[in-house]
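Step one of this worksheet: look at the structure below.
Reminder, nothing fancy here: chain letters follow the sequence lines and each chain counts from 1.
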Protein chains: 2
Amino acid sequence: MAMTADVHAKAIALIKLSIEMTTAAGSGHPTSAASLAHLTTVLLYQHMRYDPANPNHPAADRLVLSEGHACPIIYAAAADLGMAIGQDRDHWRRMTREDALQLRAIDSEIDGHPNPAEGFPFFPAATGSLGQGLSIANGIALAARLNDCDKRIYCLIGDGESREGQIWEAIDFLAEHHLTAVCPIFNCNGYGQSESVSSQQSADVTAAKLHAAGFSVRLIDGHDPDAIQQALATHVAHHQQAEGTPLAIVAKTIKAWGFASVLGSEVHGQPVPEEDQDEALAALDAMAQRLGVQGSEEVLGISATPLQAPAEPNAERRAPTFREALKQFGQEQVLEQGKMATRKAYGIALRAVGHANPSIVALDGDVKNSTYAEEFAQDPELAARFFESRIAEQNMVSCACGLASAGKIPFVSTFGKFMTRAYDQIEMGFISRLNVKLVGSHTGVSLAADGPSQMALPDVAFFHAWSTVRTRHGEPFLYLLQPADAYAAYALTLAMAEHHGPCYMRTHRPDVPFLYDDTTAFSLGGHHVLAAGHDVLIATTGYMVHEALNALHRLREQGIRAGLVDVYSLPFDDVALLQLVQEHGGRVVTVEDNYGAGIGAALAGVLTRHEGSYTLKQMYVRQIPKSGRTPDDVLRSLQLSADDIVHTAVGMLDVASR
Amino acid sequence: MAMTADVHAKAIALIKLSIEMTTAAGSGHPTSAASLAHLTTVLLYQHMRYDPANPNHPAADRLVLSEGHACPIIYAAAADLGMAIGQDRDHWRRMTREDALQLRAIDSEIDGHPNPAEGFPFFPAATGSLGQGLSIANGIALAARLNDCDKRIYCLIGDGESREGQIWEAIDFLAEHHLTAVCPIFNCNGYGQSESVSSQQSADVTAAKLHAAGFSVRLIDGHDPDAIQQALATHVAHHQQAEGTPLAIVAKTIKAWGFASVLGSEVHGQPVPEEDQDEALAALDAMAQRLGVQGSEEVLGISATPLQAPAEPNAERRAPTFREALKQFGQEQVLEQGKMATRKAYGIALRAVGHANPSIVALDGDVKNSTYAEEFAQDPELAARFFESRIAEQNMVSCACGLASAGKIPFVSTFGKFMTRAYDQIEMGFISRLNVKLVGSHTGVSLAADGPSQMALPDVAFFHAWSTVRTRHGEPFLYLLQPADAYAAYALTLAMAEHHGPCYMRTHRPDVPFLYDDTTAFSLGGHHVLAAGHDVLIATTGYMVHEALNALHRLREQGIRAGLVDVYSLPFDDVALLQLVQEHGGRVVTVEDNYGAGIGAALAGVLTRHEGSYTLKQMYVRQIPKSGRTPDDVLRSLQLSADDIVHTAVGMLDVASR
């Protein structure tokens, strides 16, 4: 009973600070925050095992706030608890009430939505684009299981956001992988942003859906401290049974609890106007009085839980060369065939880096036999670090983000086309500055027969944009990599594994001849000059290098000294590329198997940043492709065959000699 | 009983042709196709009300093959039924067995996955990226309801693909909107691509999930003709009851039914090898013999159902000017304020075009009070054409595709950031060549306080890529539009409504001063010169025009004759822009509130296509933003303020005068 009063009193205090914070900021979501006040209080003050001074300790229980806009309530608790904040871990400080009142200011760590990267390490990952939190929680749970760490992960999910299909992908994943350490808590306050939530998202229907998916469900009053504690205790009990079903909590709550008379429950994303703030705070005081708990919040405080870090993983080893790896895996004979698809080399490389680095994990979306992630999945020593994520790319990517937030290095593979489904989840991982490696297979048009529903074509533009972003230290934020042969794919996978930061690699379906060998150097940001010329430079990469090589030979037969550079990385070395173009009379043709806004656009940017006269012809996919039985059929239909490259290059020289 | 035999015989014949087609193509999915053979036969030969000679008749029942890879079974039936095919409606022909054997050839209408745009009009939209079909079916059902047309829509969904959360978004949408005309049929053959499906996708669990979501369920043997017919009849009965619950069919089936002895049920996406084809066909003949149905398929054939087209919608009217529209809606006073957010003007425009054109419909994802789609939603004359799609962007976009495939003109709005979640669904709509209008609000960084989880930043690169694509007629496939003020937003919304083809418009949160008026001309592909200069050109658009105007004034105070162009469309007029740059000494600064690969990259492409020496400095967002309380705070932190523009422009002139 005393506990009940303490929780009520603390919850009221946190709501009051949430109101003050958002009014000071001039924006924010105090009504959503209030609906979570009691759940937050019981979790952060009574139930979670963590140390506020070290909130992202590897062994600490974690909280994922999937409905990120409700963050003021967490910030309020963090200020009250003196949680560690600060961008630079060496200069963490204890959060104060004054910090809280800096919510959303440009120089504040207290960002508008959760983002550990801005200096609030209690949150494992950025949220705010809805529906992603439970997948992140799943990833953290997978990492904890790999680390043999008894960590629990709580995920607060809005009722409105539970309309996002990704929540149900995550529910299925949780059940299938028996991640009972995760406790999904649905916050059913009945209101979305623009109106009431659908009856399909009512507490009862949500509970029924969870039952159908194999969960036990506790349907509770989310403002009843005892009910919350009992439900959380039941979750722990389920988790401790080896065969226990997963448990979810469905909590009925009230938006703007305690001050709905001032700012209605239907109000979303609006602070209490400054002139109404006193009235709102007074309403909460009156509520405290009604509950008989005024002034009692001071007694509630947590003592830091002693935490033991999980064992350090085994030391990283040097990864073998491609030839060594093939030998090790009993596949050396493929070298005799003289050709291999880049996707297959990715599989070999993934397996090799998996052995070399115990932090590496792999996820795939039911296409592991196409992406060749199965090389990793079927290796008995690595299989426990492979997570079959089924046909649910959004959950897969956010789950990878959870794994990365817990220190793993996830490699995520699916068709490049299907990776598109998770671009928003990818962006949220990027906002969190997580070290995630994305590998899209069957990119470009060389897949041919399956047609455009399986081809990745605007992917280069999307990741090109990310490659123009810089980290706080001025380094490229992301590398977009396009290997042209198996050696390149192998070497670039190793380079991705060594680099701390996100990468996207494109692989292709067809077998292609070897161009390189184990002595060829590949680096993020690099390129490779395959032929030096004089008259015109062909800049291309990936599958199109092979088409360009054909063109190069024909051009040379015509006496045209064309050069060829494999621009396998975006960003690339601007100065070196500029010089290369200059060495070819300022004439360059770019050849891409994607829509525009890719390498050609990037190179145009370089040429126009510098003085001088240059001519650049961009060849790329200018029509939505269709099926063809061979890559050649499709390339010819898109005017991207070797013939077309020759034609374009010759045309430039004709113009130049006029 | 005779019917049963006929269905078996026909199903076997269709499987045999599926095998022959895929073996001839050298790729494809005959095993998945076979699992649907009986469902396809009953639907296409007995149950659906349509005319094979006119398969996309406005009143015809439709079939959406969500698991697009199973298409050979539909193609086989289409060949048998002489379905109309051909890209050009005026030259449709009846499909033959020879057509079927051209599956996946570069000049064939019979594409690798369903795509009406390649000449197979029986399919309402392209599928093949999984999980999208039921949403498309929902859209078709909404259109039928608006047209007062008693059409039924069947959707075949794979068990593996039902792991996609979008399927469950669509299930909720169907239930909420009581779209009982849609019949979801889950094809539970137990296998995905790379292994068995999860137990979370078993027939029983799927049925339980459907029950929980408010469906009646028929769990049947998907190779039992009687059971299929009874289940379909029950669906009709449910649909005919005003208050009937929606009904779904869960069918247990066998992958590679009838020839699993030759190509196992676990095989996915592989044709029968040529040398095994006779054995596979013989296995099916043996199956026919076992069932006692050899040779009886000839009796099964459909007669064309007489169809009556729905009434033509009322004629389109001219849309009013912005001022007229505001007056009409009683909002003229906003003009006196001298400023208005582009998102608000979009709302006014949407309402105006809604009144002018009865084919226009609107969808929004629970942010209609932020995107201002509520202007349309709350208008009593338009409300029936507004579909609140809740927080489920994937279903929203695919549903819009269904509406478009049925002849409506959907305007889809949400935050630009959240539109990202549906990029794959958008691409499938594009592959289908559907006339969909996408409006992303709160783009760029001017949203400020809410932080990066709510900001759209790589969206310009993504749609820039699509703007480089051309239609078969050489026209731009897509226009990316960025209005700088309310008049521009209004005019461009009208232009989108008039144009047949996809568009993406970016709107912004803050109120901005009016720049234009009702006499300013705006066109897709256009730009507007705001100030002619001589020394340097500033090319920008959207919110950044206002920052650039500030910079322009300061530059002029310094005696620098800068010009300013509002490049509100991608693609733009290359020749005109090139000339403008030339008139400014070949010096241009682009200013964007997105990551790179946007307008700057596009302009660089133009400058490098043409002879001459140009200098282009691209200013864009180069760091992941964080919250700030004002747009100015954020722009300054990203070095994109008016000061920074001045600094960059002056720097170019210094270099030029060296």
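For chain A, no part of B:Ser432 is nearby; none of its heavy atoms comes within less than 4.5 Å. For chain A, the nearby part of B:Ser27 is the side chain; its heavy atoms alone come within less than 4.5 Å. In this structure, the portions of B:Ser198 lying under 4.5 Å from any heavy atom of chain A include both its backbone and its side chain. Looking at A:Ser199, neither its backbone nor its side chain comes within 4.5 Å of chain B, counting heavy atoms on both sides. Contacts between B:Gln394 and chain A at a heavy-atom distance below 4.5 Å involve the side chain alone, from C-beta outward. No part of B:Arg636 comes within reach of chain A, as not one of its non-hydrogen atoms sits under 4.5 angstrom from that chain. Interface remark: B:Met455 contributes backbone atoms only to the contact with chain A (heavy atom separation under 4.5 Å). Neither the backbone nor the side chain of B:Glu374 comes within less than 4.5 Å of any heavy atom of chain A. B:Val460 does not touch chain A: none of its heavy atoms, backbone or side chain, sits under 4.5 Å away. Contacts between B:Ser370 and chain A at a heavy-atom distance below 4.5 Å involve backbone atoms as well as side-chain atoms. Only the backbone of A:Thr471 comes within contact range of chain B, with heavy atoms under 4.5 Å apart. For B:Gln618, the part lying near chain A is the side chain, with the backbone staying farther off; criterion is any non-hydrogen pair under 4.5 Å. For A:Pro625, the part lying under 4.5 angstrom from a heavy atom of chain B is the backbone only. Contact annotation for A:Thr371: neither backbone nor side-chain heavy atoms come within less than 4.5 Å of a heavy atom of chain B. The part of B:Lys617 that comes within reach of chain A is its side chain, from C-beta onward, which places non-hydrogen atoms under 4.5 angstrom from that chain.
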### Verdict with supporting geometry, B:Ile624 and A:Trp466, side-chain contact (heavy atoms from CB on, under 4.5 Å)
CA-CA 10 Å; B:Ile624 297 175; A:Trp466 284 102; 4.1 Å; yes
### Query
Can A:Arg163 and B:Phe173 be said to form a side-chain contact (heavy atoms from CB on, under 4.5 Å), step by step?
CA-CA 9 Å; A:Arg163 184 72 166 244; B:Phe173 187 92; 3.8 Å; yes
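Of all the listed residues (B:Ala213, B:Ala126, B:Ala207), the one sharing the greatest number of non-hydrogen pairs under 4.5 Å with chain A is B:Ala213. Among the candidates A:Phe418, A:Trp168, A:Phe415, A:Phe430, the residue making the largest number of heavy-atom pairs closer than 4.5 Å to chain B is A:Phe418. Note: A:Ile431 leads A:Val205, A:Ile431, A:Thr127 in heavy-atom pairs under 4.5 Å with chain B. For the set B:Asp172, B:Asn369, B:Val588, the count of heavy-atom pairs under 4.5 angstrom toward chain A peaks at B:Asp172. When B:His268, B:His29, B:Met419, B:Glu388 are compared by the number of non-hydrogen pairs under 4.5 Å with chain A, B:Glu388 comes out ahead. Between chain A and the options B:His464, B:Arg609, B:Gln454, heavy-atom pairs under 4.5 Å are most frequent for B:Gln454. Of all the listed residues (A:Ala175, A:Ser453, A:Ala212), the one sharing the greatest number of non-hydrogen pairs under 4.5 Å with chain B is A:Ser453. Per-residue counts of heavy-atom pairs under 4.5 Å with chain B were compared for A:Leu607, A:Val606, A:Val367; the largest is that of A:Val367. Per-residue counts of heavy-atom pairs under 4.5 Å with chain A were compared for B:His211, B:His610, B:Gln132; the largest is that of B:Gln132. Contacts with chain A were tallied for B:Ser108, B:Gly598, B:Ser467; B:Ser108 has the most, counting heavy-atom pairs under 4.5 Å.
Not one N or O on the side chain of B:Glu161 forms a donor-acceptor pair closer than 3.5 Å with the backbone of A:Ile391. Without hydrogens or angle criteria, B:Glu169 side chain to A:Gly165 main chain gives a donor-acceptor distance under 3.5 Å. In this structure a side-chain-to-backbone donor-acceptor pair under 3.5 Å is missing from B:Lys209 to A:Lys209. A donor-acceptor contact shorter than 3.5 Å links the side chain of A:Lys626 to the backbone of B:Ala105. B:Asp366 contributes a side-chain N or O that, together with a main-chain N or O of A:Gln193, makes up a donor-acceptor pair within less than 3.5 Å.
Among all heavy-atom pairs drawn from B:Pro452 and A:Asp111, the shortest one is CD-OD2, 3.8 Å. Contact between A:His113 and B:Asp450 at its shortest, heavy atoms only, is ND1-O, 2.8 Å. The two residues B:Ala465 and A:Gly596 make their nearest non-hydrogen contact at CB-O, 3.5 Å. Scanning all heavy atoms of the two residues, the minimum distance from B:Ala461 to A:Ala597 falls at O-CB, 4.2 Å. Heavy-atom minimum distance, A:Ser613 versus B:Gly612: OG-O, 3.3 Å. The nearest pair of heavy atoms linking A:Ala24 to B:Arg629 is O-NH1, 3.3 Å.
Residues passing the ring pair (Phe, Tyr, Trp, His ring centres under 6.0 Å) test with B:Phe463, sequence neighbours excluded: B:Tyr423, B:Tyr504. Partners of B:Tyr620 according to the side chain to side chain donor-acceptor pair (under 3.5 Å) rule, which considers only residues two or more places apart in sequence or in another chain, are B:Arg622.
Note that the OG atom of B:Ser627 and the CD1 atom of A:Ile110 stand 10.5 Å from one another [nearest 0.5 Å].
Ion pairing between a basic and an acidic side chain is recognised when a charged N comes within 4.0 Å of a carboxylate O; B:Arg390 and A:Glu195 show such pairing.
Side-chain contact between B:Arg421 and A:Glu427 is absent, with no heavy atoms from C-beta onward closer than 4.5 Å.
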